[in-house]
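First the proteins, then the strands, lettered A, B, ... as listed; each starts at 1.
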Protein chains: 2
Amino acid sequence: MAQTLLKPRAAQAQADVRAALPLGQIIAGDCVEAMRSLPSASVDLVFADPPYNLQLGGDLSRPDGSHVDAVTDHWDQFDSFAVYDKFTREWLTEARRVLKPDGALWVIGSYHNIFRLGAMMQDMGFWILNDVVWRKANPMPNFKGTRFTNAHETLIWASMGEKARYTFNYTAMKTLNDELQMRSDWVLPICNGQERLKKGGTKVHPTQKPEALLYRVMLATTNKGDVVLDPFFGTGTTGAVAKRLGRQWIGCERESNYREAALERIEMALELDESALKTMQSPRSAPKVAFGTLIETGWIAAGTVITDKKRRLSATVRADGSLVSGTEIGSIHGLGAKLQGAPACNGWTFWHIEHQGEVKPIDALRKLYLLATED
Amino acid sequence: MAQTLLKPRAAQAQADVRAALPLGQIIAGDCVEAMRSLPSASVDLVFADPPYNLQLGGDLSRPDGSHVDAVTDHWDQFDSFAVYDKFTREWLTEARRVLKPDGALWVIGSYHNIFRLGAMMQDMGFWILNDVVWRKANPMPNFKGTRFTNAHETLIWASMGEKARYTFNYTAMKTLNDELQMRSDWVLPICNGQERLKKGGTKVHPTQKPEALLYRVMLATTNKGDVVLDPFFGTGTTGAVAKRLGRQWIGCERESNYREAALERIEMALELDESALKTMQSPRSAPKVAFGTLIETGWIAAGTVITDKKRRLSATVRADGSLVSGTEIGSIHGLGAKLQGAPACNGWTFWHIEHQGEVKPIDALRKLYLLATED
DNA sequence: CCCAGAGGTGAATCTGGCT
DNA sequence: AAGCCAGATTCACCTCTGG
């Protein structure tokens with residue numbers, strides 16, 4: 001836990017910020033105003049599904065300050081882009097303010113708005129980590145046959161800056177994808193059937209996102225207990241999935257009927273229990289075992305000769321866990337790199353040892369050691 | 001033929017313009033300068049594969065230690081987004097000038113540049129018709145496990161304006177796609193093997209595009225005899241495909257070694273019977289469903305207990321699709337094998353679940369999922 | 001001649017913690 | 001802040017070689 005490493009005062013400050021957050025609540029009103037009520041650097045993830053139809057309501061003004069009635073005004077195209085850009089810059093600015101330095105931003109959109117969104121994010125200093133394509137398994141056909149069937153939407157995942165850190169649960173994603181790296185194209189069905197919220201037979205929200213999409217986003221790029229903010233909450237897919245996955249959530253939503261539907265829906269969502277929530281742990285976060293420990297505990301005897309997989313290179317293990325090969329001496333990593341003439345080497349997988357009649361990487365012994373010493 | 005509808009004087013003017021075009025030639029030099037030498041409103045299609053501005057850092061090596069041959073060419077280096085934007089605006093301006101009013105523009109890029117490109121196209125008055133995702137069948141993996149595998153690139157197809165007409169060969173696309181509407185995501189392999197141009201064993205161009213991509217673009221959005229301009233001609237994929245499909249082409253290219261390779265290649269290209277095209281497209285592969293997808297989409301809840309057919313062994317499903325049984329953890333296949341002491345196991349048929357009062361293999365759920373999400 | 005296995009490679013913003 | 005160093009990390013193809 002990073003928090004336990006903080007100095008008491010910093011930890012207390014962080015706890016204070018968190019205590020000030022309206023966790024599990026939907027803030028009523030315009031998203032920019034709503035976000036202004038939140039403290040800075042307090043949120044781990046922002047997921048935003050902004051409107052792109054330019055019908056943004058009556059509270060917008062042109063760059064020159066003149067009022068825009070979005071529904072009845074007839075704009076030329078450049079005017080409408082300018083208005084949309086202004087709106088986008090405003091909410092992105094607030095999102096950036098409330099995000100922690102190691103937080104991240106996801107946005108989703110279509111070709112109508114995603115290019116403006118992405119360019120503006122780059123201009124504001126966000127660092128794009130991936131663009132991800134949601135490939136719809138069952139899209140609406142193009143009835144007129146005038147274009148390609150619009151069968152995907154685009155998501156952008158960005159950190160706070162080029163050098164900023166971010167969360168990526170690589171192993172969980174790999175597990176979810178049958179032991180292959182998760183790719184940037186996600187095949188998922190659109191939201192319909194039981195999941196689609198309806199009232200009196202008609203859908204409550206025109207663009208309700210499937211929970212599977214948010215599930216993958218949160219499992220990949222947040223940790224349990226993280227705070228997820230959705231400035232365009234709608235009917236609360238983000239909140240429902242956050243609850244399921246043991247994440248905290250905050251929403252902003254202007255329309256009261258969406259807020260009501262969302263709260264009711266999230267109330268019904270079942271929280272996964274602790275054991276189901278656990279995911280495959282990355283070796284990066286697993287307890288570390290030094291090579292020397294295996295010598296000390298007798299799993300490998302000093303004096304043992306270990307080799308590379310093809311038995312072309314060999315080295316002798318010394319009592320302190322260093323290796324010697326001819327006149328060269330080094331750690332399992334350093335000597336492995338040196339003997340290969342490579343810039344780096346993972347000694348755990350490079351060096352092999354004969355164990356129970358089989359040649360195995362020494363990493364296998366480390367795993368056995370971990371299993372045997374697990375409490 | 002639109003030409004027959006023109007008044008004699010207009011038809012003559014159009015013929016004059018066409019006669020002034022350097023058809024089947026590569027104009028040497030910077031693309032903006034080169035395009036300035038072309039008459040206005042003379043070209044039916046511009047296909048542009050501009051530098052992506054990858055902004056790569058240091059070296060990258062694979063897990064096996066080998067070196068990744070990255071795109072470090074000088075033509076992909078820009079000092080800042082501002083410099084890149086200026087470059088982009090200049091060539092887009094010329095492209096717009098040389099395009100006919102009913103012409104169209106295609107661009108291709110990655111998340112590094114495509115958002116800036118798309119936003120600028122909109123700002124200049126181009127009207128986006130589709131964004132199209134090229135889903136790579138065989139992308140380069142993410143070697144460090146830091147992000148999602150970058151498995152796609154994005155194309156934007158745009159007309160000259162909201163009211164402008166454009167060419168779309170709906171039926172040809174539908175035929176190409178087994179009588180289903182062509183979607184906005186195209187699965188195609190990257191360019192390698194015989195198709196990849198090499199000289200002395202090394203690739204001539206670092207980012208040669210597959211011909212299949214250009215086939216689809218030209219077949220969809222041009223007619224026979226149309227003039228296609230590629231301002232970033234490289235090794236001439238656009239020219240080779242244009243020749244095969246009976247389209248006229250013009251290229252712009254700065255580097256003489258690319259120009260030479262392109263001319264030689266186009267010389268070799270044979271004009272093709274359109275009916276042969278279909279066989280060149282990659283076959284539709286059976287959709288794969290990862291176990292994790294069933295968790296994400298709610299077909300199986302995390303926390304569910306699944307068993308073998310005789311209910312002797314059981315395991316609990318976790319949020320990322322891994323299974324846990326006692327102290328053992330693994331994928332549906334791996335854990336199934338481990339618990340049986342078998343070398344391998346098909347988890348889909350081994351593990352069973354109670355569904356609608358019946359005990360069924362989880363494979364049955366996968367089939368139901370596939371049925372429900374079929375295109 | 002075929003097959004198995006080894007080797008190479010593709011538009012990539014590709015580590016992190018401690019001193 | 002820069003430097004050091006432990007150590008984590010790959011998928012789908014293609015071509016070539018040896019048996």
Side-chain angles (χ1 to χ4, degrees), chain A residues 2 5 122 126-131 158-159 161-163 165-166 168 170-171 174 177-184 282-286 288-292 309-310 321 330-337 343-351 362-363 366, chain B residues 49-73 75-78 81 108-114 134 136-154 189-196 198 201-203 205-210 232 234 282 285:
Chain A
L5 299 174
Q122 288 181 313
F126 285 105
W127 191 249
I128 298 180
L129 298 165
N130 277 115
D131 60 337
S159 70
E162 181 174 1
K163 307 290 182 193
R165 296 184 2 181
Y166 57 89
F168 181 55
Y170 175 74
T171 316
K174 194 169 173 175
N177 194 38
D178 273 359
E179 299 301 319
L180 290 177
Q181 286 190 341
M182 186 68 81
R183 300 167 37 122
S184 59
S282 151
R284 283 195 182 109
S285 55
K288 282 185 185 164
V289 177
F291 182 62
K309 193 176 184 184
K310 295 176 188 162
S331 69
I332 54 171
H333 313 295
L335 191 69
C345 166
N346 181 350
W348 287 108
T349 50
F350 177 72
W351 294 107
I362 55 178
D363 191 44
R366 177 170 62 164
Chain B
D49 179 13
Y52 288 7
N53 187 22
L54 287 185
Q55 309 162 75
L56 300 179
D59 274 4
L60 180 65
S61 53
R62 301 165 206 271
D64 67 4
S66 66
H67 176 79
V68 175
D69 185 16
V71 179
T72 51
D73 305 69
W75 48 252
D76 196 47
Q77 313 290 326
F78 295 84
F81 279 140
I108 181 168
S110 66
Y111 66 85
H112 308 83
N113 70 328
I114 198 69
W134 168 27
K136 300 182 185 183
N138 46 350
M140 182 162 16
N142 180 298
F143 296 116
K144 302 293 188 194
T146 55
R147 305 181 179 186
F148 299 101
T149 302
N150 220 326
H152 74 275
E153 293 188 23
T154 302
I190 59 177
C191 179
N192 60 12
Q194 296 287 12
E195 189 187 331
R196 188 90 193 198
K198 297 205 173 147
T202 57
K203 56 192 176 192
H205 194 285
T207 68
Q208 185 181 337
K209 293 293 174 290
F232 306 95
S282 64
S285 55

Determine the contact category for T207(B): base if any of its heavy atoms lies under 4.0 Å from a base atom, sugar-phosphate if only primed atoms, P, OP1 or OP2 are that close, otherwise nothing. base
Listed range with range, the stems formed with DNA chain C by at least 3 consecutive Watson-Crick or G-U pairs (under 3.5 Å) are C:2-10 with D:11-19, C:15-19 with D:2-6
D363(A): which residues meet the salt bridge (Lys or Arg N to Asp or Glu O under 4.0 Å) condition with it, sequence neighbours left out? R366(A), K367(A)
Which atom of P206(B) lies closest to which atom of W75(B), heavy atoms considered: CG-CZ2, 3.6 Å
Taking the P atom of each, how far is dT15(D) from dA11(C), in whole Å? 16 Å
If I take atom CG from residue N150(B) and atom OH from residue Y111(B), how far apart are they, to the nearest 0.5 angstrom? 5.0 Å
Could you give the CZ-to-C1' distance, from F350(A) to dA6(D), as a whole number of Å? 16 Å
Report yes if a side-chain nitrogen or oxygen of H333(A) is closer than 4.0 Å to either non-bridging phosphate oxygen (OP1 or OP2) of dG7(D); otherwise report no. yes
Among the nucleotides dT13(C), dA12(C), dC11(D), which one has an atom lying closest to any side-chain atom of V68(B)? dA12(C)
Would you mind calling dT13(C) syn or anti? Take O4'-C1'-N9-C4 for purines or O4'-C1'-N1-C2 for pyrimidines, and syn is within 90° of 0. syn
Say we look at dA12(C) and dG7(D): how far apart would their P atoms be, to the nearest angstrom? 30 Å
Quick one: side chain to side chain contact (heavy atoms under 4.5 Å, CB included) partners of A344(A), sequence neighbours excluded? none
Taking only the side-chain heavy atoms of S331(A) (C-beta and beyond), determine which of dC11(D), dA6(D), dA11(C) contains the nearest atom. dA6(D)
Which whole number of Å gives the distance between the P atom of dC5(D) and that of dC14(C)? 23 Å
Give E162(A) one of three labels, base, sugar-phosphate or nothing, depending on what nucleic acid heavy atoms sit under 4.0 Å from its own. nothing
Looking at S110(B), is its backbone amide N or carbonyl O close enough to the side chain of D131(A) to form a donor-acceptor pair, meaning the two atoms are under 3.5 Å apart? no
Establish, yes or no, whether a centroid distance under 6.0 Å links the rings of W127(A) and H112(B). no
Report the residues that fulfil side chain to side chain contact (heavy atoms under 4.5 Å, CB included) with Q181(A), sequence neighbours left out, ordered by chain and then residue number. Y170(A), P141(B), N142(B), T149(B)
Show me the side-chain donor-acceptor pairs of residues 58-66 of chain B shorter than 3.5 Å, one per line, residues at least two apart or across chains.
from: R62(B); atom 1: NE; to: S66(B); atom 2: OG; distance (Å): 3.1
from: D64(B); atom 1: OD1; to: S66(B); atom 2: N; distance (Å): 2.9
from: D64(B); atom 1: OD1; to: S66(B); atom 2: OG; distance (Å): 2.8

Do D76(B) side-chain atoms and N53(B) backbone N/O form a donor-acceptor pair below 3.5 Å? yes
Among dA8(D), dT13(C), dT10(D), the nucleotide that comes nearest once only the side chain of R284(A) is considered: dA8(D)
Under 4.0 Å, counting only non-hydrogen atoms across every strand here, what does C345(A) touch: a base, just sugar-phosphate, or nothing? base
Is the backbone of R183(A) close enough, under 3.5 Å, to the side chain of N177(A) for a donor and an acceptor to pair up by distance? no
OP1 or OP2 of dT10(D) less than 4.0 angstrom from a side-chain nitrogen or oxygen of K144(B), does that happen here? no
Pairwise N/O distances under 3.5 Å, protein to nucleotides 4-6 of chain C:
none

Contact class for D49(B) (heavy atom, under 4.0 Å): base, sugar-phosphate, or nothing? base
Residues two or more places apart in sequence or in another chain: which of them pass salt bridge (Lys or Arg N to Asp or Glu O under 4.0 Å) with K136(B)? E153(B)
Can you tell me how far P of dC14(C) sits from CG of L56(B), to the nearest Å? 7 Å
Atom OH of Y52(B) to atom P of dA12(C): distance rounded to whole Å? 10 Å
Select from P283(A) and G334(A) the residue whose nearest nucleotide in DNA chain D is closer to the 5' end of that strand. G334(A)
Between atom CZ in F168(A) and atom C1' in dT9(D), what is the gap in whole Å? 13 Å
So what does K209(B) touch, heavy atoms closer than 4.0 Å: a base, only the sugar-phosphate, or nothing? base
Measure the distance from CE on M140(B) to C1' on dC14(C) and round it to the nearest whole Å. 11 Å
Could you tell me the separation between the CG atom of D73(B) and the P atom of dA12(C), rounded to a whole number of Å? 12 Å
For P50(B), which contact category applies under a 4.0 Å heavy-atom criterion: base, sugar-phosphate, or nothing? base
Could you tell me whether a side-chain N or O of N130(A) sits under 3.5 Å from a main-chain N or O of F148(B), the two making a donor and an acceptor? yes
Report yes or no: does H333(A) contribute a side-chain atom to a donor-acceptor pair with the main-chain N or O of G347(A) at less than 3.5 Å? yes
Pick base, sugar-phosphate or nothing for D76(B), based on heavy-atom distances below 4.0 Å to the nucleic acid. base
Between F143(B) and P51(B), the residue closer to the 5' end of DNA chain C by nearest nucleotide is P51(B)
Distance between the C1' atoms of dT13(C) and dA6(D), in whole angstroms? 25 Å
Considering only heavy atoms, which members of residues 57-67 of chain B lie under 4.0 Å from some atom of DNA chain D? P63(B), D64(B)
Reckon K174(A) has a side-chain N or O less than 4.0 Å from the OP1 or OP2 of dT10(D)? yes
Taking only the side-chain nitrogens and oxygens of N150(B), find out if one of them lies under 4.0 Å from OP1 or OP2 of dT13(C). yes
Are Y170(A) and dT10(D) close enough that a side-chain N or O sits under 4.0 Å from OP1 or OP2? yes
The contact string for nucleotides 12-19 of chain D, one letter per nucleotide 5' to 3', using protein heavy atoms under 4.0 Å with B, S and - for base, sugar-phosphate only and none, comes out as S-S-----
Can you name the side chain to side chain contact (heavy atoms under 4.5 Å, CB included) partners of C191(B), sequence neighbours left out? E195(B), R196(B), Q208(B), P210(B)
Which nucleotide in the list dG10(C), dA12(C), dC14(C) gets nearest to the side chain of N142(B)? dC14(C)
Who are the side chain to side chain contact (heavy atoms under 4.5 Å, CB included) partners of E179(A), not counting sequence neighbours? T175(A), S331(B)
Using the side-chain heavy atoms of R165(A), tell me which of these nucleotides is nearest: dG17(C), dT10(D), dA6(D). dG17(C)
Rounded distance in Å between the C1' positions of dT10(D) and dT9(C): 12 Å
Could I get the full list of salt bridge (Lys or Arg N to Asp or Glu O under 4.0 Å) partners for D69(B), not counting sequence neighbours? K203(B)
Any donor-acceptor pair, under 3.5 Å, between the side chain of R147(B) and the base of dT13(C), if you only look at N and O atoms? yes
Treating K209(B) as the side-chain partner and T207(B) as the backbone partner, does any N or O pair qualify as donor plus acceptor under 3.5 Å? yes
Nearest-angstrom distance from the residue atom CD1 of I128(A) to C1' of dA11(C): 15 Å
Among the candidates dC14(C), dA11(C), dT13(C), find the nucleotide nearest to the side-chain atoms of T146(B). dC14(C)
